[in-house]
K.L.:
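I'd like to ask some things about the structure below.
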Amino acid sequence: MSAPYRPRQGAIFEFRADVPSPTTPASAAVGEQVAWTGQIERFVFRNPEKGFGIALFRKDDGTAATIKGPLWGLNVGDSVALEGVMEDDPRHGRQVKVLSARPILPDTRAGVARYLKSGQIAGIGPTIAERLLDHLGPDALERIRENPDVLKGVKGLQRKARAALVEQVLLHAEAAANAVFLFGLGLGPLLTARVEQRYGKDTVRQVRERPYRLAEDVPGIGFKTADRLARELGVPADSPDRVRAGLMHALQQLAQDGHTAPPEPMVLAAAAAVLEIDEAPLLAVVADLVAQDALVRADGALCLPELAAAEERLAQRMAELLREASLALADVAARLADAEAALGFALEGGQRDAVTRTLQTGVLVVTGGPGTGKTTIIRGVLAAMARDRPRLALAAPTGRAARRLAEATGAEAKTLHRLLEFEPRSGRFLRNAETPLEADLIIVDEVSMMEVSLAAALFDATPLGARVLLVGDADQLPSVGPGAVLDDLIQSRCVPVVALDRIYRQGEGSQIALNAYRVRNGELPQSSPRNADGDFFLVPREQPDDILAGVLEIVQHRLPQRGFEPIRDIQVLAPMHRGPLGTQALNEALREALNPYGEQLGNGLRVGDKVQQLKNDYDLEVFNGDIGVVVGRGQGHADNRQPGLPLASTVQIRFGERLVDVEGSALDNLQLAYAVTVHKSQGSEYPAVVLPLHPGHHIMLQRNLLYTALTRGRRFVVLVGPLRAIERAVQNDAPIHRHTRLRLALQRAMQEAA
């Protein structure tokens, strides 16, 4: 195999505009499976990051065909053994959809000639190539691999060209051997290329000796794939390496479920289930990992070290901030008067208490549902401290929540990652204990979404003497990442807490917040009368097909009749991704209903599609959860395309008021968003929310999930489904408990400080 493909500096895609259609199409019927050997003659399109390519392929018999699919690492001139299926593309004609493509050394005179004349090897042109063939014959490459000295007799072959040719042949031979080995283990072309890219000429030895390292070293290979390869290689089921890998995999899975400190019996049971072995072999491995500090054993739990350290750091730092007695401000009454003057009304009850206690302590938690005045408290605190001209830091876990906070307060607000100056390449926060935030007042909204590692990073960077106000709704779903920060802080009884229970913000006759509180208190929500001008409706439907039809009717017709624009104003939420009423099925149906004829663009998107960003992208300034609309093809970067040739797989998306060009692997961070999960909706508000529910959603029918969904709707909420599904969700007040140590760590830290 030739050296791994490297695009021009900064390039993501490479196009060739001058590729002719095959003049002698390879004969194969549509739908027929093919197994060919030949060479890559020209690339039409390639995306090195995703491994996808479209190329002109010249078979050994001289006929040609266009191929498309996983062509990772292959270059012009490479000899390839491919398997695929002949397709008839409506726009581009006959093509072979590649299922696998592995490099081989060409062994025919024509194949070797094309390889040598491909331009891949500096110093070898057509004349030298013919001399090589005349001197060495059709098995030239194999002879060079076995003994590079055979090149010394080729007239006109310079030393540098000879060295380059030998290097290319050896690389090609190694890659071919690696591919045969990995293909034989059942890896596909994309993963095969990634493994070879990671280990290079050491691929076979590394995979044979340390197959479980693949799960750590190679993107796309998890424990199950590594385990399958290891078993193919004869690794016994009770191998210490296998047991160790399975144990760590089980712990990581438990962390994904939110547990930072799962009890040791839970971990052992989960690992034994993954490994399909008894628990006895796990005990020795656990002891070794604890001795090596690869695991933390504490309070009857087994913890990943980074999560255990995050909880301990967070507890210690919070205790330090709570000890700061000098934070109490004088003239509290006068400051409250300043706040009331700025707000234009008198503070009362929990709102007044929250503003007062923020002026008197280092850390305060404020929790309450929609309409209870959380935003009023934030504005009141800002006004009460205005005379001190404090350095402010307002933040939230997501970009959506940060923008809402900025709109509500008129002050700048950032995501926590941006506030802490996250550096994506190193994965570090530049604001930390050594370089803390320059802030006197730190306010964080939507704290229920804050996972423990992010919370620890925030408090690492919080300087002593700063005042911290944490605002959230404890009845919402917990964070997607590990931990239960808000709940642990409240339940620890170490941190001052103001719980709001009076509804201030609701229009006359509005049922949204009232029904949210009914659900929170274990009562069924009440529908506005049918055909009334209400804002909360229950639409009874029994079967999944009828529920889906009801959702489409509401989104396409009923809500637009009330002035809601389907894509801009209406958000369909669902408890889960899969199933007939999961987000995947809902997105397909809603897209066909709302945007059936949008122009097809890269990554399967259409012009007019509603999309959601899945990860923070600091280069594009687009953040996890942001929702936008595809507006067309982007132009890409000038160095990625030939003059006059548009970058077809660059997609332009309108996020709010901004137009953003998204290309390359960044397109993988987008998904359709006509429907999103309730978890993904956290931190957002939408003019109208439609929520289909069905008993088939099983364990996802939880009170806090239903409560979270209802509180996302600002002006209108519709539930579609059988009453028994809603009843099940309301009655299920026992969501899966998260095992953590933050509460205990905070109590200990406060006792030590006393």
K.L.:
Y517 and D501: side-chain hydrogen bond (donor to acceptor under 3.5 Å, both in side chains), yes or no, with the steps?
P.N.:
CA-CA 9 Å; Y517 278 92; D501 55 13; over 6 Å; no
K.L.:
One pair to check against side chain to side chain contact (heavy atoms under 4.5 Å, CB included): L416 and V444. What are the steps and the verdict?
P.N.:
CA-CA 8 Å; L416 283 167; V444 183; 4.3 Å; yes
K.L.:
Please answer whether the main-chain N or O of N515 pairs with a side-chain N or O of E523 as donor and acceptor at a distance below 3.5 Å.
P.N.:
no
K.L.:
Who passes ring-ring contact (aromatic ring centres under 6.0 Å, His included) against Y686, sequence neighbours left out?
P.N.:
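Expected list: none.
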K.L.:
Take E438 and R391 through the salt bridge (charged side-chain N to carboxylate O under 4.0 Å, His left out) test and state the conclusion after the steps.
P.N.:
CA-CA 7 Å; E438 297 171 0; R391 296 171 298 174; 5.1 Å; no
K.L.:
Identify, with sequence neighbours excluded, every residue that meets side chain to side chain contact (heavy atoms under 4.5 Å, CB included) alongside T677.
P.N.:
H577, T583, H679, K680
K.L.:
With sequence neighbours excluded, tell me which residues meet side chain to side chain contact (heavy atoms under 4.5 Å, CB included) with R743.
P.N.:
D487, D488, Q491, S492, Q747
K.L.:
Taking NZ, NE, NH1 and NH2 as the nitrogens, is one of them in D626 or R403 under 4.0 Å from a carboxylate oxygen of the other?
P.N.:
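Looking at R403 together with D626, the answer is yes, because their closest N to O distance falls below 4.0 Å.
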K.L.:
Give the C-alpha distance, both sets of side-chain angles, the deciding distance and a yes or no for side-chain hydrogen bond (donor to acceptor under 3.5 Å, both in side chains) between N432 and T435.
P.N.:
CA-CA 5 Å; N432 48 45; T435 54; 3.2 Å; yes
K.L.:
Take L742 and T260 through the side chain to side chain contact (heavy atoms under 4.5 Å, CB included) test and state the conclusion after the steps.
P.N.:
CA-CA 9 Å; L742 176 58; T260 60; over 6 Å; no
K.L.:
Tell me the salt bridge (Lys or Arg N to Asp or Glu O under 4.0 Å) pairs involving residues 259-271, sequence neighbours left out?
P.N.:
E264-R297
K.L.:
Spell out, as yes or no, whether a donor-acceptor pair under 3.5 Å connects the side chain of R703 to the backbone of V730.
P.N.:
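Pair found, side chain donor or acceptor close to backbone of V730.
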K.L.:
I would like to know whether R428 and E423 meet salt bridge (charged side-chain N to carboxylate O under 4.0 Å, His left out); could you show each step before the answer?
P.N.:
CA-CA 5 Å; R428 298 187 308 111; E423 210 290 308; over 6 Å; no
K.L.:
How would you list, by chain and number, every residue that makes a side chain to side chain contact (heavy atoms under 4.5 Å, CB included) with P692, sequence neighbours excluded?
P.N.:
I547, V551, V572, L586
K.L.:
Between the main-chain N or O of R352 and the side-chain N or O of T356, is there a donor-acceptor pair closer than 3.5 Å?
P.N.:
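Yes, because the side chain of T356 sits within donor-acceptor range (under 3.5 Å) of the backbone of R352.
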K.L.:
State plainly whether the residues R467 and D440 are in salt-bridge range, i.e. N to O under 4.0 Å.
P.N.:
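Looking at D440 together with R467, the answer is no, because their closest N to O distance does not fall below 4.0 Å.
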K.L.:
Checking F716 now: which residues fulfil ring-ring contact (aromatic ring centres under 6.0 Å, His included) with it, not counting sequence neighbours?
P.N.:
F537, F564
K.L.:
Residues two or more places apart in sequence or in another chain: which of them pass salt bridge (charged side-chain N to carboxylate O under 4.0 Å, His left out) with R335?
P.N.:
D388
K.L.:
Taking CD in E348 as the centre, count heavy atoms belonging to other residues, nucleotides or ligands within less than 6.0 Å. Is the count above 12?
P.N.:
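Count over threshold, so yes.
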K.L.:
Applying side chain to side chain contact (heavy atoms under 4.5 Å, CB included), run through R748 and L744 and close with a yes or a no.
P.N.:
CA-CA 6 Å; R748 287 175 177 166; L744 184 58; 3.6 Å; yes
K.L.:
Are the side chain of T367 and the backbone of G472 linked by a donor-acceptor contact shorter than 3.5 Å?
P.N.:
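Judged by distance alone, yes, a pair lies under 3.5 Å.
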K.L.:
Is any side-chain heavy atom of L295 closer than 4.5 Å to a side-chain heavy atom of C303?
P.N.:
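No. Closest side-chain heavy atoms not under 4.5 Å.
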K.L.:
Is the shortest distance from a Lys or Arg side-chain nitrogen in R741 or D299 to a carboxylate oxygen in the other one below 4.0 Å?
P.N.:
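Yes.
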K.L.:
Can you list everything that forms a ring-ring contact (aromatic ring centres under 6.0 Å, His included) with H739? Sequence neighbours excluded, please.
P.N.:
H259, H737
K.L.:
Is the side chain of Q702 donor-acceptor paired with the backbone N or O of N704 at a distance under 3.5 Å, no angle test?
P.N.:
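Flag not set: sc Q702 to bb N704 has no pair under 3.5 Å.
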K.L.:
Give every residue pair that meets the salt bridge (Lys or Arg N to Asp or Glu O under 4.0 Å) criterion with at least one member in residues 448-461, sequence neighbours excluded.
P.N.:
R313-D460
K.L.:
Is a salt bridge present between R400 and E685, judged by a nitrogen-to-oxygen distance below 4.0 Å?
P.N.:
no
K.L.:
What residues, two or more places apart in sequence or in another chain, satisfy side chain to side chain contact (heavy atoms under 4.5 Å, CB included) together with T375?
P.N.:
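Here the qualifying residues are R379, A408.
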K.L.:
According to ring-ring contact (aromatic ring centres under 6.0 Å, His included), who are the partners of F422, at least two apart in sequence or on a separate chain?
P.N.:
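Per chain and number, F422 pairs via ring-ring contact (aromatic ring centres under 6.0 Å, His included) with H417, F429, Y618.
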K.L.:
Apply salt bridge (charged side-chain N to carboxylate O under 4.0 Å, His left out) to E446 and list each qualifying residue two or more places apart in sequence or on a separate chain.
P.N.:
R404
